[in-house]
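Here the structure is laid out as structure tokens; the discussion comes afterwards.
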Amino acid sequence: MAAIVALLFVAVIFSVSSLGNALSSNYYDQTCPQAESAITNAVKKGMMNDRTVPAALLRMHFHDCFIRGCDGSVLLKSVGKNKAEKDGPPNISLHAFYVIDNAKKAIEALCPGVVSCADILALAARDAVTLSGGPTWDVPKGRKDGRISKASETRQLPAPTFNISQLQQSFSQRGLSMEDLVALSGGHTLGFSHCSSFQNRIHNFNTTQDVDPSMHPSFAASLKNVCPAHNKVKNAGATMDPSSTTFDNTYYKLLLQEKSLFSSDQALLSTPNTKGLVSKFASSQEAFTKAFVKSMIKMSSLTGGQEVRLDCRVVR
Ligand code: HEM
Ligand SMILES: *[C@@H]1O[C@H](CO)[C@@H](O)[C@H](O)[C@H]1NC(C)=O
Ligand SMILES: *[C@@H]1O[C@H](CO)[C@@H](O)[C@H](O)[C@H]1NC(C)=O
Ligand SMILES: *[C@@H]1O[C@H](CO)[C@@H](O)[C@H](O)[C@H]1NC(C)=O
């Protein structure tokens, strides 16, 4: 009897905790009121030395949330035989981990063991957008850090070669809609891509076409110029848009001109619904930022962790 009661008790606890952590805007108001300004300072400092820091932080947060929820798993380092996410295949775009480390160090000095690495990353991604000229918003907090990070799970990230149905599947598995997909793809207003991520569109597209015919010819020619078929330059690539350090709606304007880098960007034009949203965001910066904020809050509320790490690179 006692065993059954104990089992029931465990089952109830398990089902409650599997609902995830309840997030709230004022989560650290009593326990660490200075946390947010410490993070903003670390992001500002990082940006002063390196203009690519905001793009890195935004991409890092997306990557974190899409694997095991936003639980800081992207920040963990490999241990022994376990290769972590950050050492998995699509990791060329991941950098600027030191900004999160600096924020964590500052926060640990203020309020030890209280603020999760997952929350620090979510807040740093928001600051990255705001400090690049984009909108600001209240980030719900209270995420916990996860203890598992596997390189093999980076396969769960959507690939730049995905078509619209593959993108839809990837997003809907995480409770995200087609509107979330179009709005969050606007993150591609910031940053840089390596040749390998759009190689499929500019060389040997298929057996009859060398270049993706849905890519603007002069744009394709300029990309082929920086990314020849047998590219030897390690960090060759292209900026996401010419204003790649400014958070604006240029991405959608270029997309309508068929000047986007990835098949997954171009794919947003392939259904009337998603194409309509692209047109709406291209013609209204306000409509874009409103939708982006709503979708960021949704994506960053996918929680999954259990603890608060002391060092963002290692489990407790
Ligand atoms: C829709 C599915 C998505 C796909 C297939 C995708 C794919 C990619 C790829 C292939 C790169 C370039 C990696 C490289 O070659 O260096 C990249 C960069 C980037 N992505 Fe996405 N992405 C997606 C969604 C998102 C979302 C939701 C966000 C954030 C809201 C985001 C933000 C970024 C940023 C900021 C960069 C630039 C990173 C840097 O410059 O360091 N992406 N993405
Ligand atoms: C990406 O993975 C490789 C191979 O595991 C590793 O050597 C490299 O340091 C990783 N890059 C980042 C930015 O973590
Ligand atoms: C997308 O790609 C998948 C896998 O290659 C394929 O089965 C599917 O038919 C494609 N969908 C569209 C709309 O092209
Ligand atoms: C190559 O791609 C073009 C454009 O998407 C398409 O019209 C054509 O049918 C494709 N050819 C083959 C052999 O798949």
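Remember, it's 1-based here, ligands and their atoms both numbered in the order they're listed.
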*asked:* When you compare the side chains of D248 and T250, does any donor N or O come within less than 3.5 Å of an acceptor on the partner?
replied: yes

*asked:* Distance under 4.0 Å to a non-hydrogen atom of Q166: what atoms of ligand 3 satisfy this?
replied: 2 (O), 4 (C)

*Any idea which atoms of ligand 4 are less than 4.0 Å away from a heavy-atom of T207?*
13 (C)

*Between S185 and ligand 1, is there a nitrogen or oxygen pair with a distance under 3.5 Å?*
no

*In the protein, what heavy atom is nearest to atom 9 (O) of ligand 3, and what distance, to one decimal place, separates them?*
N163 ND2, 4.8 Å

*State, with a plain yes or no, whether a side-chain heavy atom of F198 is found less than 4.5 Å away from one of M215.*
no

*Residue and atom name of the nearest protein heavy atom (relative to atom 11 (C) of ligand 1), distance in Å to one decimal*: F262 CZ, 3.5 Å

_Do L167 and F66 land in one hydrophobic cluster if side-chain heavy atoms of ILVMFWY residues count as linked below 4.5 Å?_
yes

_Distance to the ring centre below 6.0 angstrom and angle to the axis at most 45 degrees; does that hold for K141 and Y28?_
no

_With heavy-atom distances below 4.0 Å as the criterion, list the atoms of ligand 1 near L181._
1 (C)

*Element-labelled atoms of ligand 1 that are located less than 4.0 Å from some non-hydrogen atom of H95*: 41 (O)

_Considering non-hydrogen atoms of the protein only, which is the closest contact for atom 13 (C) of ligand 1, and what is the distance?_
S93 CB, 3.6 Å

*What residue and atom, counting heavy atoms only, is the protein's closest point to atom 15 (O) of ligand 1, and at what distance?*
S197 OG, 2.6 Å

*Looking at S165, which atoms of ligand 3 are within less than 4.0 Å of one of its heavy atoms?*
1 (C), 10 (C), 11 (N), 12 (C), 13 (C)

*Spell out, as yes or no, whether a donor-acceptor pair under 3.5 Å connects the side chain of K224 to the backbone of I202.*
yes

*Report, in ascending order of atom number, the atoms of ligand 1 lying under 4.0 Å from any heavy atom of S193.*
12 (C), 14 (C), 15 (O), 16 (O)

*Under a heavy-atom criterion of less than 4.0 Å, does T52 contact ligand 1?*
no

*For atom 11 (N) of ligand 3, is the nearest protein heavy atom under 4.0 Å away?*
yes

*With the side chain counted from C-beta on, respond yes when D127 and I39 share a heavy-atom pair under 4.5 Å apart, and no when they do not.*
yes

*For atom 14 (O) of ligand 4, what's the nearest protein heavy atom and its distance?*
N206 ND2, 3.5 Å

*Taking atom types as modelled and ignoring hydrogens, do the side chains of S73 and R68 form a donor-acceptor contact shorter than 3.5 angstrom?*
no

*What protein heavy atom sits nearest atom 5 (C) of ligand 1, and how far off is it?*
A159 O, 3.3 Å

_Sidechain N-carboxylate O distance under 4.0 Å for K290, E286_ = no

*Nearest protein heavy-atom contact for atom 17 (C) of ligand 1: which residue, which atom, what distance?*
M240 CE, 3.6 Å

*May I ask you to decide if V115's main-chain N or O and K104's side chain share a donor-acceptor pair within less than 3.5 Å?*
yes

*Would you please determine whether F171 falls within less than 4.0 Å of ligand 1 on a heavy-atom basis?*
yes

*asked:* At less than 4.0 angstrom from any non-hydrogen atom of F205, what atoms of ligand 4 do you find?
replied: 2 (O), 5 (O)

_Atoms of ligand 1 close to G191 [distance to a heavy atom under 4.0 angstrom, numbered from 1]_ = 37 (C), 40 (O)

*Will you find, in the side chains of N200 and S263, an N or O donor that is under 3.5 Å from an N or O acceptor?*
yes

*Within a strict 4.5 Å, meaning less than it, do heavy atoms of the M240 and F262 side chains meet?*
yes

*List the closest protein heavy-atom neighbour of atom 32 (C) of ligand 1: residue, atom name, distance to the nearest 0.1 Å.*
H188 CD2, 3.8 Å

*Heavy-atom distance from atom 7 (O) of ligand 4 to the protein below 4.0 Å?*
no

_side-chain contact (heavy atoms from CB on, under 4.5 Å) assessment of Y251 paired with S185_ = CA-CA 9 Å; Y251 165 81; S185 293; 3.6 Å; yes

*From the candidates L190, L261, L268, the one that places a heavy atom nearest atom 37 (C) of ligand 1*: L190

*Considering only heavy atoms of S264, which atoms of ligand 1 have at least one such atom less than 4.0 Å away?*
5 (C)

_Under the side-chain contact (heavy atoms from CB on, under 4.5 Å) test against S260, which residue among L269, L268, L254, D265 passes?_
D265

*R143, R147, R316, K144 screened by salt bridge (Lys or Arg N to Asp or Glu O under 4.0 Å) with E307, the one that passes*: R147

_Proximal ligand 1 atoms for G187, defined as those under 4.0 Å from one of its heavy atoms_ = 35 (C)

_Does either side chain, that of S177 or that of D180, offer a donor lying less than 3.5 Å from an acceptor on the other one?_
yes

_Quick check on contacts: which atoms of ligand 1 are under 4.0 angstrom from a heavy atom of F192?_
16 (O), 37 (C), 39 (C), 40 (O)

*Given the side-chain rings of F247 and F292, with only the six-membered ring counted for Trp, is the space between their centroids under 6.0 Å?*
yes

*Element-labelled atoms of ligand 4 that are located less than 4.0 Å from some non-hydrogen atom of P213*: 4 (C)

*Are K280 and S284 close enough that some pair of their side-chain heavy atoms sits under 4.5 Å apart?*
no

*How far is atom 2 (C) of ligand 1 from its nearest protein heavy atom, and which residue and atom name does that atom have?*
P158 CG, 3.6 Å

*asked:* Below 3.5 Å, N or O to N or O, backbone or side chain included: is there any such pair between H194 and ligand 1?
replied: yes

*Sub-4.0 Å heavy-atom contact, H61 with ligand 1*: no

*Could you check atom 39 (C) of ligand 1 against the protein and tell me its nearest heavy-atom contact, residue, atom and distance included?*
A55 CB, 3.7 Å

